[in-house]
Protein chains: 2
Amino acid sequence: MAEREGGSDELGGDEPLRILLVEDDQTLGDAVKTHAVRQGHAVDWAKDQDNAEACLAAVQYGLILLDLRLPDGHGLNILKALRARRDKTPVIILTAHDQVSDRIEGLNAGADDYLVKPFDLGELEARIHAVARRYGAHQVPMIEIGDLQIFPSERRVTRSNGEQLALSAREWAVLEMLSVRRNAIVGKSQIEEALYSFGAEIESNTVEVYVSRLRRKLGRATIETVRGIGYRMVSDER
Amino acid sequence: MAEREGGSDELGGDEPLRILLVEDDQTLGDAVKTHAVRQGHAVDWAKDQDNAEACLAAVQYGLILLDLRLPDGHGLNILKALRARRDKTPVIILTAHDQVSDRIEGLNAGADDYLVKPFDLGELEARIHAVARRYGAHQVPMIEIGDLQIFPSERRVTRSNGEQLALSAREWAVLEMLSVRRNAIVGKSQIEEALYSFGAEIESNTVEVYVSRLRRKLGRATIETVRGIGYRMVSDER
DNA sequence: CGCTTGCTGACATGGACCTGAAGGGCCAGA
DNA sequence: TCTGGCCCTTCAGGTCCATGTCAGCAAGCG
């Protein structure tokens, strides 16, 4: 069976989105998986067709990320088999930019969307949310913290008075991280890894800088420092 | 049964239009289906008469696109059978330019409209909207964003003061894409692919150019840039 | 009081994005 | 057929902004 990680019931009790990632490329798979896990999704990673089908037989997924070029066969088979048994689990196809026919075949075989490699992880997240929302499942509608309303699926924050806050990519990443795991202490290193997906080690106080910038925009009181460990956001209604 | 794809309830909760495409030509079918799916319709594709009738028996469609020349019989049979059982589902016939008699027979048998191959996908979309509107079903009446009223089915935008905005084809394509998925972030690549139906990869900043022009016509604030990902339109009333 | 840890303003840099302008294609009308 | 106008696409220059880094200061903690 494939690698399993993430999700569980840590996220304030919300059901996580179960994702099956079918991808043979180690690097890309790593990046996608770690990113998705950080977003609070539960990810199984299958590196070939056999594995993928074993997973599908065992678990009911909320979303499938499907690379079409696999070592032991074409990913289309998986998709077709799925649809043949009237399984409507949303599927997002991952293809290289020159595999146009793959894309078309994929959509026609019942895929819901596709992404062209190399893709931005932010865009992946947007598509995941779009598809998940379309199926009405697993959306986290809103997180309310203090006078902030945070919409993870829309990458949006508003204040109670309706004011929209403009956040940069990194700022949003930090805020999302903290708000999804609200009431829990989030380690500095965890945040750092969320910012610099995999590898790219950084050696300065970037996290502190972004927390600072966030506090300026959100209001000082929203992010609490836990000395020596990290940060946390507390929502009063628990 | 036929291939099924697309639609669901993605368009802000509006029911999608269920289309049955009856067409044996692979290429044409691909083009029509992918285009329609992109417009948010739900498409079943039957490649022969048997298949088509199986679909019709199982599902209540909002529209049927019917090629008359099929491998296992004449599409007219399908249409006649349909009307014989007083099914009023709108039907658009697809014929080659030299099949004049087909067209006449088709209309006499109760078709609502016809298209001559090869046809422009934009024209197809227009006819689909026209027929759908005529039947009062499935039209997205209006999308209101800021002081704009957008009528997707009529390819029309007005400002609150009644002023009518003139948009070019590409400008409209971008606006439609963004307004139909309002409040969601739409990737640049997604918009690009909506402009250049599949494949025709473009390597310049066309999308940016059209966004720029749109902003000039619509007002700066209407389209928001999400750096590194794409664009979005936000409608305040949610 | 001294040490560690965290905060924040400033700044250089690169990249993402915007937009005006130019050239070409297509179509309608002369 | 020619012409003008509209639209599309590309390109280049410019602007704006996100980012990472650092240094100096503040705050906790022994």
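Per chain, numbering begins at 1; letters A, B, ... match sequence-line order.
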What contact category does [X] fall into here, base, sugar-phosphate, or nothing, at under 4.0 angstrom with non-hydrogen atoms?
{"X": "Val209(A)", "value": "base"}
{"X": "Arg216(A)", "value": "sugar-phosphate"}
{"X": "Arg170(A)", "value": "sugar-phosphate"}

[X] side chain, from C-beta outward: closest of [options]:
{"X": "Ser212(B)", "options": "dC8(D), dT19(C), dT8(C)", "answer": "dT19(C)"}
{"X": "Arg213(A)", "options": "dC8(D), dT21(D), dC18(C)", "answer": "dT21(D)"}
{"X": "Arg227(A)", "options": "dG28(D), dT9(D), dC18(C)", "answer": "dG28(D)"}
{"X": "Lys188(A)", "options": "dG20(D), dC7(C), dG6(C)", "answer": "dG6(C)"}

- Query: Considering heavy-atom distances to DNA chain C, does Val211(B) or Arg215(A) have its closest nucleotide positioned more toward the 5' end?
  - Reply: Arg215(A)
- Message: Any salt bridge linking Glu176(A) with Arg155(A)? Criterion: basic side-chain nitrogen under 4.0 Å from a carboxylate oxygen.
- Response: no
- Message: Looking at Asp67(A) and Lys117(A), is any side-chain nitrogen of the basic one under 4.0 Å from a carboxylate oxygen of the acidic one?
- Response: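 Between Asp67(A) and Lys117(A) there is a salt bridge, with a charged N closer than 4.0 Å to a carboxylate O.
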- Message: Quiz question: going by heavy-atom distance under 3.5 Å, is there a donor-acceptor pair between the base of dT5(C) and the side chain of Asn205(A)?
- Response: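 Answer no: no donor N or O sits under 3.5 Å from an acceptor.
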- Phosphate contact (dT19(D) OP1 or OP2) by Ser168(A) side-chain N/O below 4.0 Å: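 Yes, within the criterion.
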- Heavy-atom donor-acceptor pair, Arg215(B) side chain to Ile223(B) backbone, under 3.5 Å: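 Present.
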- Message: Quick check: do Pro152(A) and Ile143(A) have side-chain heavy atoms less than 4.5 Å from each other?
- Response: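 With C-beta onward as the side chain, the pair touches.
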